[in-house]
Amino acid sequence: METVSENRSHGGTQGVYRHASAQTGTEMTFSVFVPDHQESAKLPVLWYLSGLTCTHANVTEKGEYRAACAKAGIVFVAPDTSPRGDGVADDESYDMGQGAGFYLDATQEPWAQHFRMRSYIEDELPALIAQHFPVDMDRQGITGHSMGGHGALTIGLRNADRFRSISAFAPIVAPSQVPWGEKALPAYLGEDRSTWREYDAVALIEDGARVPALLVDQGTADQFLEEQLKPHLLAAACNEAGIALTLNLRPGYDHSYYFISSFMDDHVVWHAERLSA
């Protein structure tokens, strides 16, 4: 693991790191904020998954999470959204290819070789984080934005025994039913729609996935709200399944980091309550 940078911030260390990933076959970059702590302490960890076109840098530079994480004593980990580099398949559109990994393991060419973000986030990166940082892997939470909100919900629902807390900002809750997913899922996974269901939060809940609670924040002025995000579908699925969903509709907020940073503290506190020893 290579250290790209480390900076003192909010009573902790904000680092950016790079390593060679066996899952993606590429170098992957991620950021980690570690609050000050006693030498022997193991801290809870909050994973943040970014959205379409983003890298680790978007939330690291604009997410405004460090003060809240330092106060709560939570390690904050932000990976990239996809493999990148020469030889990695790409697409000229913003919603396919590099920057648009959708947190799945692709089975179709030309994506299958490198686009293994599910295995990277669920298996490889957690092992690396546990090896190099002072984290308590029995106290994990996950959150994310947009495509990353989709990733947080689906990874959390598939691994309910691992994550004590799951939240999202403006997530794609049902990619099987919206244009972004109807484009990406067949390209990455093939035309058999049954294989899409494990990458669709609403479908996972319909198929029996259960967690105690979910937190979602959604701006009412989000340009993607009606066509791509459709939080009412998640609300209906949670209501039917008996999952306690807190869905905060935020008047006037859009899809940007102005929105995310406005409510990041709320999410960190919500996770901290569930990640306490």
Side-chain angles (χ1 to χ4, degrees), residues 23-24 47 49-52 79 81-82 91 95-97 100-124 126 140-163 165-216 218 224-245 247:
Q23 287 293 343
T24 68
W47 299 85
L49 305 183
S50 293
L52 282 167
T81 51
S82 77
D91 189 276
D95 53 359
M96 279 293 299
F102 276 85
Y103 302 100
L104 50 74
D105 283 353
T107 59
Q108 305 299 301
E109 298 302 333
W111 314 106
Q113 180 180 357
H114 298 294
F115 280 72
R116 297 186 52 80
M117 290 301 293
R118 172 182 179 173
S119 292
Y120 179 71
I121 299 296
E122 289 186 355
D123 300 318
E124 184 176 18
Q140 296 187 69
I142 190 166
T143 187
H145 170 233
S146 194
M147 180 187 73
H150 140 79
L153 292 174
T154 56
I155 290 171
L157 287 164
R158 289 196 307 263
N159 297 276
D161 58 337
R162 181 188 303 184
F163 295 101
S165 53
I166 305 166
S167 77
F169 298 88
I172 308 169
V173 304
S176 300
Q177 302 183 52
V178 302
W180 276 334
E182 289 171 341
K183 176 181 179 179
L185 296 180
Y188 288 135
L189 301 173
E191 296 295 337
D192 181 357
R193 296 179 71 94
S194 68
T195 66
W196 304 1
R197 295 185 69 83
E198 61 186 318
Y199 299 109
D200 182 309
V202 168
L204 283 166
I205 293 169
E206 291 174 347
D207 292 345
R210 295 293 182 267
V211 293
L214 297 171
L215 170 64
V216 171
Q218 173 65 62
F224 303 115
L225 175 58
E226 298 300 327
E227 183 180 30
Q228 304 281 13
L229 305 179
K230 299 183 182 293
H232 67 279
L233 297 177
L234 180 65
C238 287
N239 182 63
E240 180 70 21
I243 296 172
L245 170 66
L247 174 58

- Message: Set out, in order, the CA-CA distance, both residues' side-chain angles and the distance that settles side chain to side chain contact (heavy atoms under 4.5 Å, CB included) for Y103 and M147, then state yes or no.
- Response: CA-CA 8 Å; Y103 302 100; M147 180 187 73; 3.9 Å; yes
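- P231 has its side chain within reach of L225: a pair of non-hydrogen atoms, C-beta onward, lies under 4.5 Å apart.
- Among residues two or more places apart in sequence or in another chain, the ring-ring contact (aromatic ring centres under 6.0 Å, His included) test is passed with Y188 by W111, F115.
- Annotation: the span from I243 atom CD1 to I205 atom CD1 amounts to 4.0 Å, rounded to 0.5 Å.
- With values rounded to the nearest 0.5 angstrom, I121 atom CD1 is found 9.5 Å from T81 atom OG1.
- The line from OG of S119 to CD of E124 is 9.0 Å long, rounded to the nearest 0.5 Å.
- Taken from CD in E191 to CZ in R193, the straight-line distance is 9.0 Å, to the nearest 0.5 Å.
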Please list, one pair per line, the donor and acceptor atoms closer than 3.5 Å that link side chains of residues 170-181 to other protein atoms, with sequence neighbours excluded.
from, atom 1, to, atom 2, distance (Å)
S176, OG, D200, OD2, 2.9
W180, NE1, Y94, OH, 2.9

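- Within 6.0 Å of CD on E109 lie more than 12 heavy atoms contributed by other residues, nucleotides or ligands.
- In this structure, the side chain to side chain donor-acceptor pair (under 3.5 Å) partners of N159, at least two apart in sequence or on a different chain, are E122.
- Scanning for side chain to side chain donor-acceptor pair (under 3.5 Å) contacts around D161 gives an empty result, with sequence neighbours left out.
- Judged purely by atom type and a 3.5 angstrom limit, T107 uses its side chain to pair as donor or acceptor with the backbone of L189.
- N239 is linked by a side chain to side chain donor-acceptor pair (under 3.5 Å) to nothing, counting only residues two or more places apart in sequence or in another chain.
- Here CG of D105 is found 4.0 Å from CZ of R116. Values are rounded to the nearest 0.5 Å.
- Among residues two or more places apart in sequence or in another chain, the salt bridge (charged side-chain N to carboxylate O under 4.0 Å, His left out) test is passed with R162 by none.
- Counting heavy atoms from C-beta outward, L104 and L185 have side chains that approach closer than 4.5 Å.
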